Novice: 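Structure in structure tokens, see below.
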Amino acid sequence: MIYMDYNATTPCDKRVLEAMLPYFGDEFGNPSSLYQSARTAKKAVEKARADIAVLLGCAPEEIFFTSGGTEADNWAIKGAAFQLKDKGRHIITSRIEHHAVLNTCKSLEKVGYEVTYLPVDKYGVVDIEELKNSVRKDTVLITIMYANNEIGTIQPVKEIAETVKEKGVYFHTDAVQAAGKIPLSVKELGADMLSLSGHKFYGPKGVGALYIKKGVKIAPFMYGGEQEKGKRAGTENVPGIAGIGKAAEIAAKEMVEEEVRIKKLRDRLEAGIKDRIPEIVVNGHPEQRLYNTLNLCIKHIEGEGILLHLDFEGICASSGSACTSGSLEPSHVLLAIGLPHEIAHGSLRLSLGKHNTEQDVDRVLEVLPGIASKLREISPFWNKGK
Amino acid sequence: MEYTDKVCEYFRNPKNMGRIENPDGVGTVGNKVCGDVMKIYIKVNDDIIEDIKFETFGCGAAIATSSVVTELAKGKKIEEALKISNKEVVDFLGGLPPIKKHCSLLAEDGLKAAINDYRDKQKNSAPSPIKSEDKQL
Ligand SMILES: Cc1ncc(COP(=O)(O)O)c(C=O)c1O
Ligand SMILES: [Zn+2]
């Protein structure tokens with residue numbers, strides 16, 4: 001099998017799995033208890049907090065564990081909105097956010113909040129001027145993702161944070177696709193909150209974290225016990241937390257080297273596809289883009305067909321076509337960057353990672369052109385005279 | 001995507017794909033919402049669909065159902081072919097995931113559109129009650 005869907009999820013690193021196992025076994029204690037195995041569990045949680053803090057360049061006290069990226073996004077947005085509801089009820093976000101952000105914002109619209117969804121340019125970049133002009137007296141939160149999961153475009157987050165600082169509004173960034181892939185420093189960025197998720201960087205699924213800058217006050221997400229300083233109650237997912245901590249530790253050490261290697265593979269894949277398949281569109285920013293992500297549209301054909309044929313060849317990828325989305329609409333991201341429906345319909349996302357090799361890239365280059373011609377042969381839009 | 005083996009087989013090796021030169025009838029139908037488009041060409045002789053081919057822009061379900069509807073219609077009398085329903089096509093494939101049902105609607109519509117086009121051409125002047133253009137993109 002050739003796995004090229006690392007933006008969807010990643011396999012757990014063996015070292016991560018090993019770091020988790022003791023907490024399913026002998027060290028099963030509840031971190032809140034007093035005896036020995038509980039103390040070991042407690043230590044594991046605090047060690048993980050410190051490892052994530054290193055990854056983000058912040059203090060351990062600023063890291064709060066959650067059940068994943070979705071919860072971190074929900075908490076940051078709802079937590080800020082509820083905390084500041086007397087100051088104002090306006091939120092600014094972008095049209096290309098992950099549904100964890102978009103649908104959270106939509107849920108707030110139903111209970112009296114107003115949300116501005118900023119447009120993006122053809123590369124998927126938010127316009128800073130437009131952002132500035134959208135800030136109102138009653139704006140309480142701006143949430144703009146760090147890197148887009150579909151097209152990989154990286155936002156000018158630092159500039160956005162500076163703009164926000166001038167205006168005295170909270171700034172959250174969904175860095176689920178960036179954390180563990182590229183070096184991040186929240187200090188440098190100036191973000192007030194940042195979400196990350198373990199399973200996107202070789203950690204386990206179902207565990208994530210929210211960075212909350214010291215001094216930033218948001219409402220708790222879960223009510224109950226005193227875990228996570230009473231802000232996120234519930235007995236800690238100790239094995240998961242130990243796992244995400246280990247994944248962060250590994251990423252901090254290895255990601256720079258990985259970046260060089262994977263970028264080379266991605267670029268080779270991109271150039272190879274452009275050489276071999278006519279009439280394609282590459283999506284996302286040419287430079288400000290995640291080094292592992294290649295999103296393209298093969299004109300005149302439909303994405304699900306491409307995925308099925310790739311699957312027959314043992315290659316795993318994804319698409320933003322309407323027929324794969326589960327709704328009837330093609331990906332909101334592809335529409336937001338201005339692609340017409342019929343082109344968005346032919347989208348293919350190949351996202352690379354740790355276990356990909358040159359041979360994997362060559363294999364995709366070997367089979368994809370044939371798949372494209374086969375589907376084009378039966379497409380009414382393909383001019384066969386060509 | 002939980003397709004039956006039959007859907008995968010038909011998607012992988014569709015029958016009757018391509019176009020017919022100088023067809024007696026052509027029907028183009030599309031689902032504006034999800035974007036799938038199907039084009040069916042027929043050659044009619046003695047009221048019998050002698051040859052039929054399709055071109056489809058769409059997902060696995062759309063391509064598989066296109067192939068099946070052409071196979072079911074081939075060699076049939078026009079009157080018989082008009083009785084082919086979506087249900088028959090979907091049943092033939094051993095079912096489709098619920099979310100994919102709408103993709104299969106094109107099969108029946110596409111065939112009917114091609115037959116209507118054929119009949120329109122036959123009548124030459126008198127317009128048929130259902131204009132094939134209604135379904136065209
Ligand atoms: C940008 C982005 N935000 C949020 C999420 C949700 O994260 P999780 O799967 O951990 O809930 C994802 C992953 O699908 C993502 O890509
Ligand atoms: Zn479809």
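No experiment lies behind these values; they were computed from the predicted model shown. Here is the naming used below: chain letters follow the sequence lines, and residue numbers restart at 1 for every chain.
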Novice: Inspect the surroundings of NZ in B/Lys101 and state if more than 12 heavy atoms from other residues, nucleotides or ligands are less than 6.0 Å away.
Specialist: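 More than 12 within 6.0 Å, yes.
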Novice: Where do A/Lys374 and B/Arg12 come nearest, in terms of heavy atoms and distance?
Specialist: NZ-O, 2.6 Å
Novice: Are there more than 12 heavy atoms of other residues, nucleotides or ligands under 6.0 Å from atom OH of A/Tyr117?
Specialist: yes
Novice: For B/Phe57 versus A/His300, what's the shortest heavy-atom pair and its separation?
Specialist: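 Looking at all heavy atoms of both residues, the closest pair is CD1-O, 3.1 Å.
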Novice: Which value, rounded to the nearest 0.5 Å, describes the distance between B/Thr56 atom OG1 and A/Leu375 atom CG?
Specialist: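 Result: 11.0 Å between the selected atoms.
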Novice: Using non-hydrogen atoms only, which part of B/Ala62 is less than 4.5 Å away from chain A: side chain, backbone, both, or neither?
Specialist: neither
Novice: Kindly compute the distance separating CG (A/Leu307) from SG (B/Cys59), expressed to the nearest 0.5 Å.
Specialist: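 Between A/Leu307 CG and B/Cys59 SG, I get 11.0 Å after rounding to 0.5 Å.
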Novice: When you compare the side chain of A/Phe312 with that of B/Cys8, does any pair of heavy atoms fall below 4.5 Å?
Specialist: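 They are in side-chain contact.
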Novice: Decide if atom NZ of B/Lys15 counts as having more than 12 heavy atoms of other residues, nucleotides or ligands within a radius under 6.0 Å.
Specialist: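 Count over threshold, so yes.
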Novice: Whether the side chain of B/Lys39 engages the backbone of A/Ser379 through a donor-acceptor N/O pair (distance < 3.5 Å, no angle test) should be reported.
Specialist: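 Flag not set: sc B/Lys39 to bb A/Ser379 has no pair under 3.5 Å.
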Novice: Would you say that more than 12 heavy atoms from the other residues, nucleotides or ligands in this model lie under 6.0 Å from the CG of A/Asp275, or not?
Specialist: yes
Novice: Roughly how far apart are B/Cys103 SG and A/Glu302 CD, rounded to 0.5 Å?
Specialist: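 Output value for this atom pair is 8.0 Å.
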Novice: Has the side chain of A/Glu304 got a donor or acceptor atom that lies under 3.5 Å from a matching backbone atom of B/Gly60?
Specialist: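 Answer holds: yes.
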Novice: Measure the CG-CD1 distance between A/Leu308 and B/Ile63 for me, rounded to the nearest 0.5 Å.
Specialist: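 Those atoms lie 8.5 Å apart.
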Novice: How many angstroms lie between atom CD of B/Glu55 and atom CD1 of A/Ile378, to the nearest 0.5 angstrom?
Specialist: 9.0 Å
